[in-house]
Amino acid sequence: MDNNKNSFLDGLNEAQSLAVNHHTGPLLVVAGAGSGKTRALTYRIANLIAVKKVDPGEILAVTFTNKAALEMKERLEILMADILSISQFGQPWKTLPFVEQRQLRKRIYENITKELWIGTFHALFARLLRFDIEKFKDPEGLRWTKQFSIYDESDAQTLIKEIITQDLQMDPKRFEPKKVRWAISNAKNQGLLPKDLEENAEGQRGKLIGQVYQLYRKSLAANNALDFDDLLLFPVQLLQQNQDVRSYWHKRFRHILVDEYQDTNWTQYELLKLLITNGINPVSFNDWDNRSIFVVGDADQSIYSFRAADFRILMGFQKDFGDKGREDNTSTMVKLEENYRSTSNILEAANSLISNNTERIEKVLLATRSEGELITLTRCDDEIHEAEALVLRMRKLEAENESLNWRDIAVLYRTNAQSRAIEESLVRWGVPYVVVGGLRFYDRREIKDVLAYLRLLINPSDSVSLLRILNVPKRGIGKTTIQRISDASTQLGIPLWDLISDEEAVRSLGGRSAKGLIQFCELINLLMRNLNTSKPSELIQLILEKSGYLSHLIANATDESEERRRNLQELVNAALQFEEESEDFNVETFLASAALASDADSKDTASDRITLMTLHSSKGLEFPVVWLVGMEQGLFPSYRSLDTPASLEEERRLCYVGLTRAKERLYLSHANERRMWGGMREPALPSLFLSEIPENLLQGDIGLISGAALRREKRLDRLTRLDRNSTNRSLNSFNIASNAVRKKHSGPTPGKSWKVGDKLIHSNFGLGEITHTFGSGEKISIAVKFAGMGPKILDPRLAPIEPLGKD
DNA sequence: TCCAAGAGACTTTTT
DNA sequence: GTCTCTTGGA
C-alpha cells in the first residue's frame with residue numbers, strides 16, 4: 001500500500017529523490033541547467049501534501065515569473081490528479097472517463113491549488129499587504145490603505161519628474177528623473193529611509209536625492225500608492241515591527257519553497273528569514289518541527305544583479321542556516337548535476353565557458369544524452385547579413401526536418417534593439433515569429449489609460465491615474481486648468497478627486513473647463529456605482545463606452561486607432577480569462593495581476609512561430625534549436641561590463657544561460673560591423689566568450705557569409721523550396737507566401753487589375769490584402785494591409801508585388 | 001485648447 | 001530608426 005502511494009516518486013534520480021523527500025529543516029538544492037529542478041519543486045509540493053499530509057494552505061512557493069507560477073500550479077494539479085486517481089481507482093488520471101477526469105481536477109483545484117500561495121515575490125507580498133498594510137506603522141507617520149495602487153516604473157518616474165520640476169524647480173535635464181529614481185530604488189532595496197540618505201550623503205547631489213526621496217514617499221502616500229520596491233520593503237518593515245502580524249504569517253507558512261534562489265536580493269532574503277524563523281537568527285533557530293525552507297538555484301545562472309540580486313545569498317545559505325558542511329549532499333545541500341536537456345557537445349561548451357568564472361560553487365553538468373551536432377559558428381559582414389543568414393539556415397533546417405516546427409526555434413540576443421534587423425528578415429522570408437519583451441502589453445498607452453480609470457475607481461486618492469485620464473478622451477480640459485486645480489489640491493492638502501467632485505469648487509476654479517470637469521465627475525460617479533456589481537471585464541466595457549474612449553477611436557479611423565481598439569478588445573479578453581482562472585476575482589485583484597504581469601507571461605505557446613527574446617527573458621525555458629546572435633565584444637559582453645571583472649562574470653553567466661537553453665542544435669553568430677543606432681557603422685570584434693568554447697566543438701563557416709555567399713545560399717534556398725513544394729507536401733498559407741516571394745525576382749507584374757480583397761505578395765512585407773483602391777486604370781494606387789504593420793499605399797506598377805490566387 | 005512638425009534621446013538586462 | 005516630448009501657430 002505504502003509503495004503504491006509513493007510510486008509517483010519512482011522516476012526520480014537519487015539526488016532528485018533526496019530533494020523531494022526532504023521533510024523538515026533548511027535545504028539548498030544546487031541545480032544545474034536542465035537538471036529537472038522544476039520537477040523537483042513540483043514533486044516536492046505533491047509529496048508534502050500527499051505523503052507528509054501538509055495542509056496546502058501552509059505552503060508558500062516563490063517563482064521567478066507569473067508564468068512559471070501558472071505552470072507550476074498546472075503541473076501540480078495533473079500530478080495530484082494522477083496520485084489520487086491511482087490510489088482511488090487504481091488507474092492513471094488520463095485513462096479515467098472524461099467527466100471523472102474533470103471532476104477530480106476540479107476537486108483538486110478547490111482543495112489544493114486554490115489554497116496554495118504560489119507566485120513571484122512581488123505578487124505574493126502584494127497579496128499579504130492587502131491583508132495587513134493598515135497595520136503598517138510608517139516611521140514618518142505616512143498612511144496607506146488596502147486599496148493601494150501599484151505604480152510601475154513609468155508611473156514612478158512621472159511622479160519623480162514632477163517633484164524635480166515642480167517642487168524643487170530644477171531642470172530635469174541636469175538632474176535626470178531616471179537616475180534619481182534608480183538611486184532611490186537602490187536606497188529602498190537596502191532598507192534606507194530618506195533621512196539615512198541625507199545624513200550619509202556626500203555632496204550636494206546626494207542631499208538632493210534624499211530630498212526627492214522624501215517628497216516621493218510623501219507623494220506615494222498621498223496617492224495611496226506603492227512602487228515595486230515597496231511591495232517588498234513594506235512587508236519587511238511590517239514583519240519587523242509588528243510581532244502579532246509576524247507570528248501569524250510565521251505560523252501560517254510552515255513550508256517555504258523558492259525557485260531561482262540565486263536571483264534573490266537582500267530584501268527578499270530578509271522576508272524569507274522573517275517568515276521562516278519568526279525573526280530569530282537562523283543559525284540559532286531550532287524549531288524545525290513540521291517546518292522547512294527549500295531553495296533551488298544555480299549560482300552560475302545569476303543574471304539579475306542590476307536589480308540588486310546577489311548570488312552570495314545562495315552561496316551563504318548553508319552557513320546562515322547552521323550547517324557548516326560544504327561537501328556534496330550534506331544535510332542542508334543537495335546537488336542536481338545530471339542534465340537531461342542538452343546534447344553533450346552543448347554541455348561541454350557551456351561547462352568550459354563557465355569555468356572561466358572565479359566566483360562559483362564548483363559544479364559540472366553531467367551529460368545524459370549523446371554527443372549530438374557540433375555547434376555552428378557564423379561570421380557575418382553586418383547585422384543585416386547576420387539576420388539574412390540566420391533566416392535562410394532556419395528555413396533550410398525546417399524544410400529538411402519533417403518533425404521540426406517553428407515553435408522549436410528561438411533566437412536570443414543581448415539587447416531588445418537587436419530584434420529589429422532579424423524581424424525584417426523574418427518578414428521578408430515569411431517566417432512566422434513572436435517577440436517576447438520590448439513593450440509590455442500592459443504598458444501600451446490605451447491599456448494604461450483604461451487601467452487608470454479602474455485604479456481611480458478603486459483608489460480615488462490616486463491622482464496620478466486621475467490626471468492621466470482627466471482629459472482622455474478629450475473633454476476640453478487644458479493645461480492651465482489642470483495646473484490650477486492640482487496647485488489648489490497640493491495647497492489645500494486634499495486629493496484631487498475630492499476637489500473636483502465638489503461642484504462649487506469646480507465652477508470657481510474651472511473657468512471655461514468647468515463643464516468638462518463636471519462631465520468627468522458624473523462619469524466617474526456612474527462607474528463607481530457599478531464597481532461592486534460588475535465583473536472586471538464588464539466594468540472595462542462600461543468604461544470604454546461611457547467615457548467615449550471607444551467612439552473616439554472609431555471616429556479617428558486611422559490604422560493606429562484601429563490597432564488601439566484591437567488592444568482594448570484584447571484587454572477585455574484578458575479580464576475574461578482572469579475571471580475564468582481565478583476564484584476570487586474582482587477589480588482589485590485584476591489590477592494587481594496587470595501591474596505585476598510581465599511580457600513573458602503572455603507568451604502563447606500554442607501557435608507555431610519562432611520566438612525572439614533577450615537572454616534574460618529566456619531563463620528557465622528550453623528549445624530544440626537556439627540561435628545566439630550578436631556575439632561581439634562590446635555588445636555581448638556589454639561594453640559597460642568590460643572593465644569590471646564582476647560584471648564580466650555576470651555577462652558570462654548570461655552566456656551560459658543562453659547556451660544551456662539549447663537541446664539539440666546551437667548556432668552562434670557575430671558580425672564584423674554593426675550599425676548601433678540610425679547612422680554609424682561600428683567595427684566589432686568577436687566576443688571573448690567565443691574563444692572560451694573549445695574549438696573542437698565548433699564547426700565554422702567563418703568568413704562564408706559574405707555578400708556573394710549569401711546570394712548563393714538564397715539561390716539554394718529557392719531550389720530546395722521548389723523541390724519540396726513540387727513533391728507532395730501540403731501547401732499551407734505560409735508556404736504559398738514563401739513560394740510567391742521567391743518569384744519576386746521576376747519583377748512587378750504589368751497590366752493586372754487590382755481590386756479590394758485581392759491577396760498579394762510583396763517581396764519585403766510578405767503576404768498582404770488590398771483594403772482600398774484609389775483612382776483607376778493605369779493610375780491606380782492600392783492600400784495593402786500586411787501582417788504586423790499598418791497599411792501601405794503602393795503603386796502597383798512599381799512595387800515588387802505578385803498577385804495571389806484565391807485560396 | 002488642440003494639433004502638427006521638429007528636436008532629441010535612446011541601447012543592457014525587468015519584477 | 002523610432003518613440004516621446006516640446007514648441008509654436010490656428
Side-chain angles (χ1 to χ4, degrees), chain A residues 62-69 119-126 150-154 156-158 161 165 172-173 176-178 182 185 189 226-232 260 263-265 267-268 302-309 383 412-421 423-424 436-440 442-445 471-483 511-513 515-516 556 560 592-601 613-619 630 634-642 647 650-651 653-655 657-658 674-680 682:
Chain A
V62 187
T63 59
F64 200 70
T65 62
N66 296 296
K67 187 170 169 242
T120 62
F121 273 108
H122 290 86
L124 291 169
F125 286 94
I150 300 172
Y151 279 3
D152 66 18
E153 220 40 53
S154 71
Q157 263 177 50
T158 311
K161 191 176 172 196
T165 54
K173 279 186 185 131
E176 293 166 62
K178 203 173 167 182
W182 189 80
S185 181
N189 278 319
L226 303 184
D227 65 20
F228 283 155
D229 304 317
D230 293 331
L231 292 179
L232 305 176
E260 308 284 5
D263 281 319
T264 48
N265 62 35
T267 321
Q268 294 164 338
S302 166
I303 54 176
Y304 279 92
S305 69
F306 68 91
R307 207 169 81 186
E383 78 280 0
L412 310 180
Y413 36 77
R414 180 66 180 84
T415 66
N416 279 306
Q418 283 169 265
S419 76
R420 194 186 312 129
E423 285 184 71
E424 278 168 16
V436 175
L439 188 60
R440 245 169 37 118
Y442 287 105
D443 284 341
R444 287 167 207 271
R445 196 208 306 177
N471 198 32
V472 177
K474 301 245 176 317
R475 298 184 180 90
I477 306 167
K479 245 200 319 225
T480 348
T481 312
I482 291 175
Q483 190 62 55
R512 255 197 307 172
S513 309
K515 213 175 122 197
N556 220 336
E560 203 191 340
S593 94
L596 299 172
S598 69
D599 195 62
D601 299 334
M613 62 182 145
T614 62
L615 287 149
H616 281 89
S617 320
S618 77
K619 179 157 105 160
L635 181 61
F636 188 33
S638 150
Y639 70 97
R640 306 172 92 121
S641 70
L642 292 177
S647 330
E650 174 138 322
E651 296 280 309
R653 289 192 294 270
L654 191 55
C655 185
V657 167
R674 188 171 289 272
R675 225 185 292 257
M676 282 321 262
W677 60 90
M680 300 263 272
E682 305 211 353

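To find a chain, count down the sequence lines: A is the first, B the second, and so on, and within it residues start at 1.
Close to dT14(B), at under 4.0 Å from its OP1 or OP2, lies a side-chain N or O of Asn416(A). Phosphate proximity of dT13(B) to Ser638(A): absent, as no side-chain N or O sits under 4.0 Å from OP1 or OP2.
Rounding to whole angstrom units, CD of residue Gln157(A) and C1' of dT14(B) are separated by 13 Å. Atom CG in Leu231(A) sits roughly 14 Å away from atom C1' in dT14(B) (whole-Å rounding). Between the CH2 atom of Trp182(A) and the P atom of dT14(B) there is a distance of 17 Å, given to the nearest Å. Between Asp152(A) atom CG and dT15(B) atom P the separation is 12 Å, expressed in whole Å. One interatomic measurement links the two molecules: CZ of Arg307(A) to C1' of dT14(B), which rounds to 5 Å at whole-angstrom precision. Between Phe64(A) atom CZ and dT13(B) atom P the separation is 15 Å, expressed in whole Å. dT15(B) atom P lies 21 Å from atom OH of Tyr151(A), rounded to whole Å. Following rounding to the nearest Å, Glu424(A) (CD) and dG1(C) (P) show an atom-to-atom distance of 9 Å.
Between the His616(A) side chain and the Ile303(A) main chain, a donor and an acceptor come within less than 3.5 Å of each other.
Taking Ser305(A) as the reference, Glu650(A) meet the side chain to side chain contact (heavy atoms under 4.5 Å, CB included) condition, with sequence neighbours excluded. Residues meeting the ring pair (Phe, Tyr, Trp, His ring centres under 6.0 Å) test with Tyr639(A), sequence neighbours left out: none. Partners of Leu124(A) under the side chain to side chain contact (heavy atoms under 4.5 Å, CB included) rule, at least two apart in sequence or in another chain, are Leu60(A), Val62(A), Trp117(A). Applying the side chain to side chain donor-acceptor pair (under 3.5 Å) rule to Thr120(A) yields no partners; only residues at least two apart in sequence or on another chain are considered.
Listed nucleotides: dT2(C), dT13(B), dT15(B). Nearest to the side chain of Thr120(A): dT15(B). Side-chain proximity of Glu176(A) to the nucleotides dC10(B), dT11(B), dT14(B) is greatest for dC10(B).
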Distances under 3.5 Å between protein N/O atoms and the N/O atoms of nucleotides 1-7 of chain B, please, pair by pair.
| from | atom 1 | to | atom 2 | distance (Å) |
| --- | --- | --- | --- | --- |
| dT1(B) | OP1 | Gly478(A) | N | 2.8 |
| dT1(B) | OP1 | Thr481(A) | OG1 | 2.8 |
| dT1(B) | OP1 | Ser513(A) | OG | 3.1 |
| dT1(B) | OP2 | Thr480(A) | OG1 | 2.7 |
| dC2(B) | OP1 | Gly476(A) | N | 3.3 |
| dC2(B) | OP2 | Asn471(A) | ND2 | 3.3 |

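Within the 4.0 angstrom heavy-atom criterion, only backbone atoms of the sugar-phosphate kind lie near Lys161(A); the bases stay farther away. At a threshold of 4.0 angstrom between heavy atoms, the contacts of Phe121(A) with the nucleic acid are absent. Across all strands, Tyr304(A) comes closer than 4.0 Å only to sugar-phosphate atoms, never to a base (heavy-atom distances). Residue contacts shown for Gln418(A) are absent, as no nucleic acid heavy atom lies under 4.0 Å away.
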Can you give the donor-acceptor pairs under 3.5 Å from side chains of residues 471-479 of chain A to other protein atoms, not counting sequence neighbours?
| from | atom 1 | to | atom 2 | distance (Å) |
| --- | --- | --- | --- | --- |
| Asn471(A) | OD1 | Arg475(A) | N | 2.6 |
| Asn471(A) | OD1 | Gly476(A) | N | 3.3 |
| Asn471(A) | OD1 | Ile477(A) | N | 3.2 |
| Asn471(A) | ND2 | Ile477(A) | O | 2.9 |
| Arg475(A) | NH1 | Ile469(A) | O | 3.0 |
| Arg475(A) | NH1 | Leu470(A) | O | 2.7 |
| Arg475(A) | NH2 | Tyr453(A) | OH | 2.7 |

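Stacking between Phe228(A) and dT15(B) is absent: the ring centroid is not both under 5.5 Å from the six-membered base ring centre and under 30° in plane angle.
With Asp263(A) as the partner, the salt bridge (charged side-chain N to carboxylate O under 4.0 Å, His left out) test is satisfied by one option alone out of Arg653(A), Lys619(A), Arg307(A): Lys619(A).
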